[in-house]
Amino acid sequence: QVQPVESGGGLVQPGGSLRLSCAASGSVFRLRTMSWHRQAPGKQREWVATITSGVSTNYADSVKGRFTVSRDNAKNTVYLQMNSLKPEDTAVYYCNGLGYSWGQGTQVTVSS
């Protein structure tokens, strides 16, 4: 399985924004539903958002209205725009899809 590469994480103050990227190689990328997940310290990994090959999107209630998932098939990349960040959004963020293994993730820390 191919491992996606997540990037774009960092330290941001509450109310701030970040855009995460997930590069996933393979000619079938454009056919794959891709999802973002996150894992906070001491907690289980949880689903955050999904985008289908037809660019339909779905979000967890905890991020709805603040996060936006998008994709650029020409670049084999999925994005997660995160606005109005809260301390409870602090986690390692991962992307995943059918045929892809879990990557290393990217750390997002929301703190003043």
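Everything quoted here is computed from the prediction, not taken from an experiment. Basis for what follows: all heavy atoms, side chains included, without hydrogens, waters or symmetry-related copies.
The aromatic rings of Tyr93 and Phe67 sit tilted relative to each other, their planes meeting at an angle between 30° and 60°.
Listed by first and then second residue, the disulfide (SG to SG under 2.5 Å) pairs that reach into residues 29-69 come to none, sequence neighbours excluded. Applying the disulfide (SG to SG under 2.5 Å) test to pairs two or more places apart or on separate chains, those with a residue in residues 12-104 are Cys22-Cys95.
The shortest distance between side-chain heavy atoms of Leu11 and Gln107 does not fall below 4.5 Å. Residues Asp89 and Met82 have side chains not in contact (no heavy-atom distance under 4.5 Å, counting atoms from C-beta outward). The side-chain heavy atoms of Thr50 and Val69, taken from C-beta on, include no pair separated by under 4.5 Å.
Under the 4.5 Å side-chain heavy-atom criterion for ILVMFWY residues, a single connected hydrophobic cluster contains both Val63 and Leu18. Transitive grouping of hydrophobic side chains (ILVMFWY, heavy atoms separated by less than 4.5 Å) keeps Val55 and Tyr79 in distinct clusters. There is a path of hydrophobic side-chain contacts, each under 4.5 Å, that joins Tyr59 to Val78. Leu31 and Ile51 are members of different hydrophobic clusters when ILVMFWY side chains are connected at heavy-atom separations under 4.5 Å. Each of Val92 and Val108 belongs to its own hydrophobic cluster when Ile, Leu, Val, Met, Phe, Trp and Tyr are linked at side-chain heavy-atom distances under 4.5 angstrom.
Taking Lys64 as the reference, Asp61 meet the salt bridge (Lys or Arg N to Asp or Glu O under 4.0 Å) condition, with sequence neighbours excluded.
Considering Glu88, Glu46, Glu6 as possible partners of Arg38, the one that fulfils the salt bridge (charged side-chain N to carboxylate O under 4.0 Å, His left out) test is Glu46.
The environment of Gln104 atom CD is sparse: at most 12 non-hydrogen atoms of other residues, nucleotides or ligands sit within 6.0 angstrom.
Here the CG-CE distance, from Asn76 to Met34, works out to 9.0 Å after rounding to the nearest 0.5 Å. Put simply, CG on Leu85 and OG1 on Thr109 are 10.5 Å apart, with the number rounded to the nearest 0.5 Å.
Without hydrogens or angle criteria, Asn73 side chain to Phe29 main chain gives no donor-acceptor distance under 3.5 Å. Here the side chain of Asn96 pairs no donor or acceptor atom with the backbone of Ser35 at under 3.5 angstrom. Under a 3.5 Å cut-off, the side chain of Trp47 and the backbone N or O of Ala49 do form a donor-acceptor pair. Judged by distance alone, the side chain of Arg71 and the main-chain N or O of Thr52 form a donor-acceptor pair under 3.5 Å. Checking side-chain atoms of Thr90 against main-chain N and O of Val110 turns up a donor-acceptor pair under 3.5 Å. The main-chain N or O of Ser84 is found under 3.5 Å from a side-chain atom of Arg66 such that the two form a donor-acceptor pair.
Scanning all heavy atoms of the two residues, the minimum distance from Gly103 to Gln3 falls at CA-CG, 3.5 Å.
Remark: Arg32 fails to qualify as a cation-pi partner of Tyr100 under the 6.0 Å distance and 45° angle criteria applied to the six-membered ring.
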